[in-house]
Amino acid sequence: MAKTVKKIGKNTLILLAIIVIAFMGYIIYKAYGPKIMELIMLLEHGNQDELTAYLAAQSTFGGFVVLWLICVLQVMTVVFPSMVIQVAGALIYGWWKSFIVCWIGFVSGNTIAFLLGRMFSKSLTSIFNKNEKENWLIQKINQGHQVFVVAIACMIPGIPNGIIPYLSAQTNIRTKDFVIAVAASSWIQVLLNCMAGHFLAQGQYLFMVLAFVIEIGIALLVAKNRDKLMSR
């Protein structure tokens with residue numbers, strides 16, 4: 001009897017959560033639906049000049065909201081490089097404001113994608129035809145220090161950041177641990193890209209190149225030692 005009541009209570013909570021999410025989704029769509037579709041089309045074009053011009057045309061607060069939305073969509077749709085977005089943001093708003101918005105947006109996008117991956121795990125399993133690299137990552141997350149493995153995976157070149165939350169959702173990592181891992185590792189890349197955009201705006205091309213060289217160097221170092229790092 002107690003198990004039946006507990007099961008009914010759990011199912012009721014799940015149903016309420018679905019209703020709340022659907023209601024929030026409807027509100028967001030009514031408020032930002034046209035803008036989101038416009039941003040998706042902008043991302044599909046993949047033109048940094050268009051993106052910079054679009055951000056510059058917004059009010060300051062509206063621009064921050066748009067920049068955050070673009071960062072979220074970039075992760076969830078896996079169609080546009082985050083570097084272009086972060087550099088464009090820094091050209092308009094400066095490095096530290098762009099860094100804060102882009103970092104929060106990147107973590108938010110990963111969190112949303114992860115939660116969606118958990119909700120629709122069976123559907124995603126059939127959609128994603130996992131190759132050897134993706135199966136390897138899932139096994140590493142399940143077997144190793146999960147927070148550390150996901151953090152390292154976010155820094156490895158060749159693994160699209162947008163695919164990591166969907167793959168991580170198919171492992172036994174906790175949501176809190178996944179968010180911590182993404183937040184702890186992504187700030188380096190976001191900061192360096194925003195700094196590069198700042199130096200570009202200032203005409204300090206040497207420092208811009210240096211920021212990119214440091215970012216690439218870190219990525220290559222992590223890629224070279226990925227097995228050693230993930231086995232810890």
Side-chain angles (χ1 to χ4, degrees), residues 32 35-113 150-165 179 181-223:
Y32 296 103
K35 186 177 287 293
I36 290 174
M37 295 306 299
E38 189 176 1
L39 293 176
I40 289 175
M41 291 180 65
L42 192 65
L43 290 175
E44 287 179 348
H45 291 163
N47 188 297
Q48 182 172 318
D49 292 334
E50 289 183 5
L51 180 60
T52 304
Y54 187 90
L55 290 173
Q58 311 299 315
S59 64
T60 303
F61 178 76
F64 288 149
V65 173
V66 169
L67 183 59
W68 177 82
L69 276 173
I70 291 174
C71 292
V72 171
L73 291 171
Q74 181 273 325
V75 175
M76 296 181 65
T77 56
V78 204
V79 295
F80 198 57
S82 58
M83 180 188 71
V84 175
I85 297 170
Q86 292 153 14
V87 169
L91 286 171
I92 302 299
Y93 304 113
W95 71 269
W96 69 270
K97 292 178 181 178
S98 180
F99 164 68
I100 292 173
V101 176
C102 290
W103 184 48
I104 293 174
F106 185 82
V107 176
S108 300
N110 273 275
T111 303
I112 294 171
V150 173
I152 294 299
C154 290
M155 301 173 68
I156 297 176
I159 301 179
N161 282 333
I163 207 72
I164 292 174
V179 174
V182 173
S185 62
S186 61
W187 71 269
I188 302 174
Q189 179 185 11
V190 177
L191 178 61
L192 288 171
N193 285 333
C194 290
M195 290 299 296
H198 168 75
F199 292 134
L200 177 60
Q202 298 294 319
Q204 298 175 321
Y205 304 117
L206 179 61
F207 288 106
M208 178 193 73
V209 173
L210 182 61
F212 284 135
V213 167
I214 293 173
E215 181 179 352
I216 294 171
I218 293 173
L220 292 177
L221 187 64
V222 171

Asks: Testing the basics here: between Met208 and Ala196, what is the closest heavy-atom pair and its distance to 0.1 Å?
Replies: CG-O, 3.5 Å

Asks: Starting at CD1 of Ile216, measure out to CG of Leu192 and round the result to the nearest 0.5 Å.
Replies: 10.5 Å

Asks: Please report the closest heavy-atom contact between Phe64 and Lys97, naming both atoms and the distance.
Replies: CZ-CD, 4.0 Å

Asks: Has Trp103 got a side-chain atom pairing as donor or acceptor with Ile100's backbone, closer than 3.5 angstrom?
Replies: no

Asks: Rounded to the nearest 0.5 Å, what separates atom CD in Gln189 from atom SG in Cys194?
Replies: 10.0 Å

Asks: Tell me, do Val72 and Phe106 make a side-chain contact under 4.5 Å, heavy atoms counted?
Replies: no

Asks: Can you establish whether the number of heavy atoms outside Phe207 located under 6.0 Å from its atom CZ is more than 12?
Replies: no

Asks: Between the side chain of Trp95 and the main-chain N/O of Leu191, is any donor-acceptor distance below 3.5 Å?
Replies: no

Asks: Run Leu67 and Cys102 through side chain to side chain contact (heavy atoms under 4.5 Å, CB included) and show every step you take.
Replies: CA-CA 7 Å; Leu67 183 59; Cys102 290; 3.9 Å; yes

Asks: Closest heavy-atom contact between Ala153 and Ile164?
Replies: O-CD1, 3.4 Å

Asks: Can you check whether Ser98 reaches Ile92 side chain to side chain, under 4.5 Å on heavy atoms?
Replies: no

Asks: How far apart are the closest heavy atoms of Phe212 and Val87, and which atoms are they?
Replies: CZ-CG2, 4.2 Å

Asks: Hey, what do you get for CD1 (Ile70) to OG (Ser82), rounding to the nearest 0.5 Å?
Replies: 12.5 Å

Asks: To the closest 0.5 Å, what do you measure between CD (Gln204) and CG (Leu210)?
Replies: 11.5 Å

Asks: Which heavy atom in Ala183 sits nearest to a heavy atom in Val107, and how many Å separate them?
Replies: CA-CG2, 3.8 Å

Asks: Roughly how far, to the nearest 0.5 Å, is the CZ atom of Phe99 from the CE atom of Met195?
Replies: 11.0 Å

Asks: Distance check, rounded to the nearest 0.5 Å: Gln74 atom CD versus Gln86 atom CD?
Replies: 7.5 Å

Asks: Heavy atoms, side chains only, cut-off 4.5 Å: are Cys154 and Val182 in contact?
Replies: yes

Asks: Are Val101 and Tyr93 packed together at the side-chain level, in the sense that at least one heavy-atom pair is separated by less than 4.5 angstrom?
Replies: no

Asks: Considering non-hydrogen atoms only, spot the tightest contact between Met155 and Val222 and give its length.
Replies: CE-CG2, 4.0 Å

